[in-house]
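The block underneath contains the structure these notes are about, expressed in structure tokens.
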Amino acid sequence: MKIVILTGAGISAESGLGTFRDKGGLWTQYDLNEVATPEGFGRNPQLVTDFYNARRANCAGAQPNAAHNALARLETALPGQVTLITQNVDDLHQRAGSRNVIQMHGALMSALCASCGHRWPAPPVMAVKDCCPACGQPRARPDVVWFGEIPYHMEAIAEAVETCTHFAAIGTSGQVYPAAGLAAEARRNGAQCTELNLEPSEISRVFQTCRYGPASQVVPEWVDSLLD
Ligand code: APR
């Protein structure tokens with residue numbers, strides 16, 4: 001068995017980290033063009049820096065839930081057979097003990113130099129003119145992938161999806177590409193595809209099996225069924 005799991009904001013919802021497109025979600029409170037695009041950062045770097053500082057503080061105050069823990073348990077039970085691709089920029093998978101994690105949209109806990117590309121652990125509160133510890137330029141930015149930018153690690157992701165026998169999507173609305181296209185790709189390669197979500201997503205038709213309910217409930221059940 002080679003298992004690839006794609007997670008989205010829904011897996012962290014029960015840890016108190018808001019999703020994006022649900023009722024009261026982040027994109028109903030903020031204009032994503034202002035806070036999640038390179039152009040928005042260029043126009044108002046303070047607004048964007050404050051937005052990610054607030055998300056970093058929320059994340060630091062949150063704990064992994066039963067769904068994160070179940071995926072870590074699966075990886076421990078099947079060493080070398082589980083790849084966890086996440087769209088989430090929180091670090092709850094790693095804090096739950098998952099090791100083989102690919103953060104395709106970046107990481108809140110990391111800072112990036114827009115000048116030389118150097119990365120370093122983000123301080124709890126970043127400032128607009130923070131300097132890069134490598135090149136000294138005051139060009140620090142949150143190490144997250146904004147709309148219009150290319151996600152990270154796409155080659156490793158393509159390889160994992162190409163060779164997996166099982167693919168699962170957890171807590172994602174299936175509205176943002178290229179992540180939303182991975183399930184269809186895995187299905188084309190013959191994988192057994194499962195959707196685990198609160199409700200049907202935009203791409204539910206792609207999956208052979210669907211399990212609906214809160215992640216903290218359906219993910220441990222699914223993991224148990226795999227391990228059984
Ligand atoms: N358990 C399971 N699923 C849940 C739960 C829960 N407790 N709460 C919400 N969900 C589901 C919703 O039904 C929805 O389908 O999680 C999904 C969240 O969807 P989005 O808010 O669109 O988040 P996501 O799919 O991760 O967004 C993708 O878009 O905004 C960008 O870069 C950002 O990575 C993000 C990407």
Side-chain angles (χ1 to χ4, degrees), residues 2-15 17-33 35-38 40 55 67-68 71 74 82-93 98 100-108 142-215 218-219 222:
K2 276 194 81 173
I3 305 168
V4 168
I5 299 159
L6 172 71
T7 63
I11 199 170
S12 297
E14 293 161 83
S15 295
L17 301 184
T19 64
F20 296 94
R21 295 172 184 82
D22 292 317
K23 197 162 165 293
L26 280 175
W27 298 152
T28 67
Q29 301 168 42
Y30 297 88
D31 178 348
L32 66 85
N33 297 300
V35 296
T37 62
R55 290 186 63 192
H68 298 104
L71 296 182
L74 180 67
V82 178
T83 300
L84 186 41
I85 302 165
T86 187
Q87 299 170 84
N88 300 344
V89 292
D90 65 57
D91 61 349
L92 298 182
H93 283 305
S98 288
N100 189 16
V101 181
I102 299 176
Q103 289 197 272
M104 71 184 294
H105 291 165
L108 275 173
D143 186 13
V144 296
V145 176
W146 287 323
F147 290 94
E149 296 183 321
I150 298 168
Y152 299 157
H153 315 300
M154 286 311 294
E155 269 181 46
I157 290 171
E159 198 192 318
V161 169
E162 233 165 73
T163 57
C164 67
T165 57
H166 294 71
F167 180 94
I170 303 174
T172 184
S173 60
Q175 297 186 42
V176 176
Y177 287 76
L182 298 178
E185 188 60 30
R187 179 94 195 244
R188 267 194 296 279
N189 296 317
Q192 178 65 34
C193 297
T194 304
E195 176 167 75
L196 302 102
N197 214 44
L198 205 52
E199 62 202 0
S201 73
E202 296 277 310
I203 54 169
S204 297
R205 68 192 177 285
V206 172
F207 299 88
Q208 290 106 324
T209 314
C210 297
R211 294 171 177 243
Y212 296 123
V218 293
V219 175
W222 175 69

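In terms of heavy-atom proximity, Met104 sits nearest to Val145 at O-CG2, 3.6 Å. Across every non-hydrogen atom of Leu84 and Ser98, the tightest pair is CD2-OG, 3.6 Å. Closest approach of Asp90 and Gln103 over heavy atoms only: O-NE2, 3.0 Å. Residue Thr7 comes nearest to His93 through the heavy atom pair OG1-NE2, 2.9 Å, listed as atom of the first residue, atom of the second, then distance. Across Ile3 and Leu74, no two heavy atoms sit closer than the pair CD1-CD2, 4.3 Å.
Side chains of Leu196 and Phe207 form no contact here, defined as non-hydrogen atoms less than 4.5 Å apart. Counting heavy atoms from C-beta outward, Lys23 and Thr28 have side chains that stay 4.5 Å or more apart.
The OH atom of Tyr212 lies 7.0 Å from the CG atom of Asn197; values are rounded to the nearest 0.5 Å. Summarising the geometry, atom CD1 belonging to Ile11 is positioned 13.5 Å from atom OG1 belonging to Thr19; distances are rounded to the nearest 0.5 Å. From His68, atom NE2 reaches atom CG of Leu92 across 4.5 Å, with rounding to the nearest 0.5 Å. Taken from CD1 in Ile85 to CG in Asn100, the straight-line distance is 9.0 Å, to the nearest 0.5 Å. Annotation: the span from Arg21 atom CZ to Leu32 atom CG amounts to 7.5 Å, rounded to 0.5 Å.
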Side chains of residues 172-185: which donor-acceptor pairs under 3.5 Å do they make with residues two or more places apart or in other chains?
unit_1, atom_1, unit_2, atom_2, d
Thr172, OG1, Gln87, NE2, 3.0
Glu185, OE1, Arg188, NH2, 2.7

Output side-chain donor-acceptor pairs under 3.5 Å for residues 151-170, partner residues at least two apart or in another chain, one line each.
unit_1, atom_1, unit_2, atom_2, d
Tyr152, OH, Arg119, NH2, 3.3
Tyr152, OH, Asp143, OD1, 2.6
Thr163, OG1, Lys2, NZ, 3.1
Thr163, OG1, Glu159, O, 3.0
Thr163, OG1, Ala160, O, 3.4
Thr165, OG1, Lys2, N, 2.8
Thr165, OG1, Lys2, O, 3.1

Walk me through it: do Val35 and Gln29 pass the test side-chain contact (heavy atoms from CB on, under 4.5 Å)? CA-CA 11 Å; Val35 296; Gln29 301 168 42; over 6 Å; no
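The side-chain contact (heavy atoms from CB on, under 4.5 Å) test applied to Thr209 returns Gln192, Thr194, not counting sequence neighbours.
One N or O on the side chain of Ser204 and one on the backbone of Ser201 form a donor-acceptor pair closer than 3.5 Å. Under a 3.5 Å cut-off, the side chain of Ser12 and the backbone N or O of Ser15 do not form any donor-acceptor pair. Panel note: side chain Glu14, backbone Ala215; a donor-acceptor pair is recorded below 3.5 Å.
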